[in-house]
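Letters A, B, ... are given to chains in the order of the sequence lines, protein chains preceding strands, and every chain is numbered from 1. Every heavy atom of this structure was used, including side-chain atoms; hydrogens, water molecules and symmetry mates were not.
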Amino acid sequence: MELTLPARQPFSLPTVIHSHGWIRLAPFEEIQDLVGFSYIDQLESGKVIELHIQEAPGGVLVSYSGSLNQTDHSEIARKIFWMLGLDQDFSTFYNLAQKEPRLAQVPGRAQGRVLRSPTLFEDVVKTICTVNTAWSGTIRMVNNLVNLFGASLPADESRRAFPLPASIAASDEATLRSQAKLGFRAPYVLELSRKVAAGDLDLEALKAADIPTSQLRQRLLEIKGVGDYAVANLLMLLGHYDYIPVDTWAVKMVSNEFYNGEPVNRTQVEAAFESWGEWKGLAYWFWDWNNA
DNA sequence: GGTAGACCTGGACGC
DNA sequence: GCGTCCAGGTCTACC
């Protein structure tokens with residue numbers, strides 16, 4: 001089956017795919033020949049399917065197989081729309097970016113969208129797995145979670161969807177430490193999964209929450225394991241760009257770019273992009289650091 | 001409010 | 001092969 005979804009222009013699927021490292025985390029898989037990607041998803045009906053997404057005139061083409069009903073098709077469309085931010089409007093940011101040489105490439109490359117997982121739960125878990133570890137560690141942790149707790153694709157049982165909150169919630173801290181190799185993140189992911197599974201935390205409602213960024217930030221900071229860096233990363237994924245995800249890389253790059261290599265702190269990193277206001281996070285994210 | 005130390009793992013390095 | 005050191009954010013206790 002195929003589904004064509006329109007995207008607000010300008011749009012570039014490769015640009016979204018390479019907007020950050022998410023494409024390298026299971027169950028995403030980049031497909032070079034297709035100039036697109038695949039994603040294994042467990043639908044609300046419980047069915048596990050593989051989605052293939054490639055660019056099409058005016059938007060994207062989504063291909064998949066399986067015995068699906070209209071509810072399933074609608075769910076797939078809704079998820080892809082969210083994952084790729086197909087309706088996001090960056091025209092205001094583009095107008096500002098054109099006046100800054102280090103961001104002049106942004107409109108032409110259709111930069112702005114950041115690849116998302118279908119659920120905020122998945123993005124929060126993955127973000128926690130980026131904390132205090134090398135990228136190779138993040139890939140390993142997410143792979144372990146998918147392989148241990150994800151539902152299998154019927155056609156290929158070695159390939160799995162990202163686990164549902166209930167699946168992780170049914171586990172225990174020792175398993176998450178020893179088998180998923182989450183280390184000190186194990187209690188954070190377990191507590192999050194149990195709260196979401198029990199209905200005590202409705203993460204998905206935050207996607208559409210019409211509240212100020214500061215309030216949204218406060219809600220996300222209540223999640224154990226989510227600190228200043230993680231919350232800024234999650235806000236970016238949610239389409240709020242008022243904060244910069246300051247990690248060691250950001251400190252290094254901003255120090256070299258704006259402070260002559262002098263040591264800088266988080267406040268100084270934020271200050272370097274203060275003039276970008278609500279677009280601060282995007283200005284930092286797509287800044288052409290190599291154009292020195 | 002600010003700071004120090006613990007948390008955990010893998011990789012780099014020296015022996 | 002083994003041991004040591006270091007990088008990577010967040011939490012907690014303490015001042």
Side-chain angles (χ1 to χ4, degrees), chain A residues 19-26 114 116-117 120-149 163 165 168-169 171-196 200-201 203 206 213-238 240-257 259 261-274 280-281 284-285 287 289:
Chain A
S19 56
H20 62 145
W22 255 213
I23 191 66
R24 295 173 61 195
L25 299 179
V114 181
R116 300 156 160 162
S117 303
L120 186 54
F121 169 73
E122 183 176 331
D123 276 339
V124 174
V125 171
K126 285 178 171 176
T127 298
I128 290 175
C129 289
T130 68
V131 163
N132 206 23
T133 188
W135 183 245
S136 59
T138 301
I139 292 174
R140 189 165 36 247
M141 284 181 251
V142 173
N143 264 330
N144 291 340
L145 284 172
V146 168
N147 289 329
L148 284 167
F149 305 111
I168 299 177
S171 180
D172 55 71
E173 187 178 323
T175 302
L176 292 175
R177 281 182 186 271
S178 63
Q179 295 187 43
K181 303 286 184 186
L182 295 190
F184 61 85
R185 304 162 199 82
Y188 304 151
V189 171
L190 185 60
E191 181 181 312
L192 173 71
S193 301
R194 287 184 172 166
K195 281 186 175 175
V196 173
D200 295 334
L201 175 61
L203 278 181
L206 295 181
T213 304
S214 58
Q215 285 184 32
L216 191 53
R217 181 173 184 271
Q218 220 37 57
R219 297 273 290 276
L220 291 167
L221 281 172
E222 289 170 7
I223 300 169
K224 282 279 184 65
V226 173
D228 287 334
Y229 158 78
V231 78
N233 192 58
L234 290 168
L235 285 171
M236 289 270 292
L237 291 168
L238 286 167
H240 294 253
Y241 313 110
D242 313 56
Y243 294 87
I244 294 175
V246 181
D247 54 10
T248 50
W249 188 87
V251 167
K252 179 183 166 190
M253 301 308 283
V254 170
S255 167
N256 289 334
E257 180 86 2
Y259 297 95
E262 294 292 316
V264 298
N265 58 28
R266 175 183 306 278
T267 307
Q268 289 170 295
V269 172
E270 295 271 357
F273 287 90
E274 202 58 49
K280 191 199 294 183
Y284 157 77
W285 203 257
W287 195 260
W289 302 99

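Between A/T248 and C/dG8 there is a side-chain polar atom (N or O) within less than 4.0 angstrom of OP1 or OP2. For B/dC8, the OP1/OP2 oxygens have a side-chain nitrogen or oxygen of A/R177 closer than 4.0 Å. Close to C/dT12, at under 4.0 Å from its OP1 or OP2, lies a side-chain N or O of A/K224.
At a threshold of 4.0 angstrom between heavy atoms, the contacts of A/I223 are confined to the sugar-phosphate backbone, with no base atom among them. When heavy atoms are screened at a 4.0 angstrom cut-off, A/A186 is found touching no nucleic acid atom at all. If you check every strand for non-hydrogen atoms under 4.0 Å, A/G137 touches nothing.
Rounded to whole angstrom, the span from the CD atom of A/E222 across to the C1' atom of C/dT10 amounts to 16 Å. Atom P of nucleotide C/dG9 and atom CG of A/D228 are separated by 12 Å, given to the nearest angstrom. Between A/R217 atom CZ and C/dT10 atom C1' the separation is 13 Å, expressed in whole Å. In this structure, A/N265 atom CG and B/dT3 atom P are separated by 9 Å, rounded to whole Å. A straight line from CE of A/M141 to P of C/dT10 spans 13 Å, rounded to a whole angstrom. What separates NZ of A/K252 from P of C/dG9 is a distance of 13 Å, to the nearest Å. A straight line from CZ of A/F184 to P of C/dA7 spans 15 Å, rounded to a whole angstrom. For the pair A/N132 CG and B/dG11 C1', the computed distance is 15 Å after rounding to whole Å.
A 6.0 Å sphere centred on CZ of A/R219 holds no more than 12 heavy atoms belonging to other residues, nucleotides or ligands.
Of the listed nucleotides (C/dC11, C/dT10, B/dG10), C/dC11 has the atom at the smallest distance from the side chain of A/Y188. Nearest nucleotide to the side chain of A/R185, out of B/dG10, C/dT10, C/dG8: C/dG8.
Contact of the A/W287 side chain with the A/E257 side chain is registered, since non-hydrogen atoms from C-beta on lie closer than 4.5 Å. At a threshold of 4.5 Å between non-hydrogen side-chain atoms, the residues A/F149 and A/L176 count as touching.
Nearest-nucleotide assignment on DNA chain C puts the 5′-proximal partner with A/T133, out of A/T133 and A/V226.
Side-chain contact, A/W289 with A/N256: no donor N or O sits under 3.5 Å from an acceptor N or O.
In this structure, the separation between CD1 on A/I244 and OH on A/Y229 is 13.0 Å, given to the nearest 0.5 Å.
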